[in-house]
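Here the structure comes first, spelled out in structure tokens, and everything after it is commentary.
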Amino acid sequence: MEINQSFYNLDIDKQKRIIEAALKEFAENGYEKASTNQIVKNAGIGKGMLFYYFNSKEDLYLFLINYCLDITMDEFFQRIDTNEPDFVERLKQIAEVKAKYHLKNPYVLNFLGSFILNEALEVPKAYRKRYEELLALSNLKLFENIDKTLFRKDVDTDKALKLIQWSIEGYQNELINQLKNQNLSTINFDPYWAEFYGYLEVLKTVYYQKEEGAK
């Protein structure tokens, strides 16, 4: 993978514009069908400059894989605290981190999902290994140190964990879709989080043991 150092000398906004244009194009169309003409159009640069910064379409794609793996580790996984033993509270924390991460980096997760299914390009094993390690870390962050004694004794705890996870991910994806293409700086997120926390309390009521003294 060859990257011209001059790319890193660009101002951050221009770097981000090029990266987001490329991520969007590859995520939506896959490696083979992705158009570098569309990338430069959306990025607002000349095609010659794209290949000045990145030697080839393949080098650009490999750069994006590495970029996405790095940013996912730094801005998502490193911000999750596994000291919270309550599964619903853990998912609440993860959802908040993931929502902020996804809204800030809207094409990263979609790109990562598409690259692992890519058959048009032989992606180096080291990249696939890093992705597999991220998935393993995701599972660890989700289930490590969870206190299963909080759950009702008459439910299958493992199934309950999955049902809760799917419920929260579904709400989170719906929220992200609602907020796409909006000016996030003008949005009051308090009502959204209040609604979300209400759903979490319902999940606790359904799956958790009643606290002593509760009717």
Side-chain angles (χ1 to χ4, degrees), residues 1-79 95 97-135 137-138 169-170 172-187 189:
M1 180 178 64
E2 295 183 17
I3 303 171
N4 192 312
Q5 182 60 39
S6 60
F7 175 74
Y8 297 107
N9 295 333
L10 296 173
D11 66 77
I12 298 300
D13 287 341
K14 189 169 185 178
Q15 285 185 40
K16 187 173 182 180
R17 193 167 70 244
I18 294 170
I19 289 170
E20 288 190 350
L23 284 174
K24 182 175 186 293
E25 182 64 17
F26 282 121
E28 291 179 352
N29 299 293
Y31 175 77
E32 195 167 38
K33 294 182 179 180
S35 166
T36 52
N37 288 329
Q38 191 62 45
I39 292 172
V40 298
K41 179 181 178 181
N42 291 339
I45 62 171
K47 193 167 186 178
M49 293 307 298
L50 181 68
F51 290 112
Y52 174 68
Y53 301 135
F54 305 95
N55 188 52
S56 64
K57 180 180 178 180
E58 179 178 337
D59 282 347
L60 171 60
Y61 190 77
L62 294 178
F63 164 81
L64 292 174
I65 294 174
N66 204 48
Y67 170 84
C68 288
L69 292 172
D70 285 344
I71 203 169
T72 300
M73 177 62 74
D74 294 340
E75 296 194 10
F76 182 38
F77 289 115
Q78 296 294 351
R79 301 188 182 190
V97 172
K98 187 176 181 181
K100 292 174 184 177
Y101 160 84
H102 189 76
L103 292 168
K104 182 180 178 182
N105 309 287
Y107 307 113
V108 169
L109 291 181
N110 289 341
F111 175 82
L112 284 177
S114 68
F115 114 76
I116 205 64
L117 300 174
N118 171 53
E119 296 179 351
L121 176 68
E122 185 62 34
V123 176
K125 290 182 179 179
Y127 288 74
R128 292 186 179 273
K129 183 180 179 182
R130 281 195 68 197
Y131 181 74
E132 290 168 0
E133 289 172 348
L134 273 185
L135 292 180
L137 180 60
S138 174
E169 287 178 351
Q172 177 180 282
N173 291 334
E174 181 180 318
L175 176 60
I176 288 171
N177 286 330
Q178 286 180 20
L179 298 178
K180 274 183 180 177
N181 303 317
Q182 294 190 40
N183 185 346
L184 302 182
S185 64
T186 65
I187 296 175
F189 285 94

Query raised in the report: Backbone N or O of Asn9 within a donor-acceptor pair of the Ser6 side chain at under 3.5 Å?
Result: no
Report summary line: Which of Tyr67, Phe63, Tyr61 passes ring pair (Phe, Tyr, Trp, His ring centres under 6.0 Å) with Phe111? Answer is Tyr61
Query raised in the report: Between Glu25 (side chain) and Ala34 (backbone), is there a donor-acceptor pair under 3.5 Å?
Result: no
Report summary line: Rounding to 0.5 Å, atoms CG (Leu23) and CG (Asn42) come to a distance of 12.0 Å
Query - Polar side-chain atom of Glu20 near backbone of Tyr107 as donor-acceptor pair, under 3.5 Å - result: no
Query raised in the report: Would Val40 and Met49 satisfy side-chain contact (heavy atoms from CB on, under 4.5 Å), going step by step from the backbone distance to the final call?
Result: CA-CA 9 Å; Val40 298; Met49 293 307 298; over 6 Å; no
**Report entry** Asp11 and Arg17: CA distance, side-chain angles, deciding distance, salt bridge (charged side-chain N to carboxylate O under 4.0 Å, His left out) verdict
**Finding:** CA-CA 10 Å; Asp11 66 77; Arg17 193 167 70 244; 5.9 Å; no
Query raised in the report: Got a second to check how far Cys68's SG is from Tyr131's OH, nearest 0.5 Å?
Result: 10.5 Å
Report summary line: d(Leu137 CG, Thr72 OG1) to nearest 0.5 Å is 11.0 Å
Query raised in the report: Hey, are the side chains of Leu69 and Leu112 touching, using non-hydrogen atoms and a 4.5 Å cut-off?
Result: yes
Query raised in the report: Hey, are the side chains of Lys14 and Ile45 touching, using non-hydrogen atoms and a 4.5 Å cut-off?
Result: yes
Report task. Check the angle between the aromatic planes of Phe26 and Tyr31 and answer parallel, tilted or perpendicular using the 30° and 60° thresholds. Result -> parallel
Requested in this report: Could you go through the side-chain contact (heavy atoms from CB on, under 4.5 Å) check for Asp59 and Ile3 one step at a time?
Outcome: CA-CA 7 Å; Asp59 282 347; Ile3 303 171; 5.8 Å; no
Report summary line: Heavy atoms of Phe51 and Thr36 approach each other most closely as CZ-CG2, 3.9 Å
Query raised in the report: Looking at Glu75 and Arg79, what are the two nearest heavy atoms and their distance?
Result: O-CD, 3.5 Å
Query raised in the report: Does any N or O in the side chain of Lys33 come within less than 3.5 Å of the main-chain N or O of Glu28, such that one atom is a donor and the other an acceptor?
Result: no
Query - Shortest non-hydrogen separation from Ala21 to Ile39 and the atoms involved - result: CB-O, 3.6 Å
Query - Euclidean distance, Gln15 CD relative to Phe7 CZ, rounded to 0.5 Å - result: 4.5 Å
Query raised in the report: Can you find a heavy atom in the side chain of Arg130 that is under 4.5 Å from one in the side chain of Ile65?
Result: no
Report task. Rounded to the nearest 0.5 Å, what's the gap from CD on Glu32 to NZ on Lys57? Could you check? Result -> 7.5 Å
Report task. Identify the heavy atoms of Lys16 and Lys104 that sit nearest to each other, and give their distance. Result -> NZ-O, 4.0 Å
Requested in this report: Report, as yes or no, whether the 6.0 Å neighbourhood of atom NZ on Lys41 holds more than 12 heavy atoms from other residues, nucleotides or ligands.
Outcome: no
Report task. Taking side-chain hydrogen bond (donor to acceptor under 3.5 Å, both in side chains) as the test, write out the residues that go with Ser35, two or more places apart. Result -> none
Query raised in the report: According to the interplanar angle, ranging from 0 to 90°, do the rings of Phe76 and Tyr101 count as parallel (below 30°), tilted (30 to 60°) or perpendicular (above 60°)?
Result: parallel
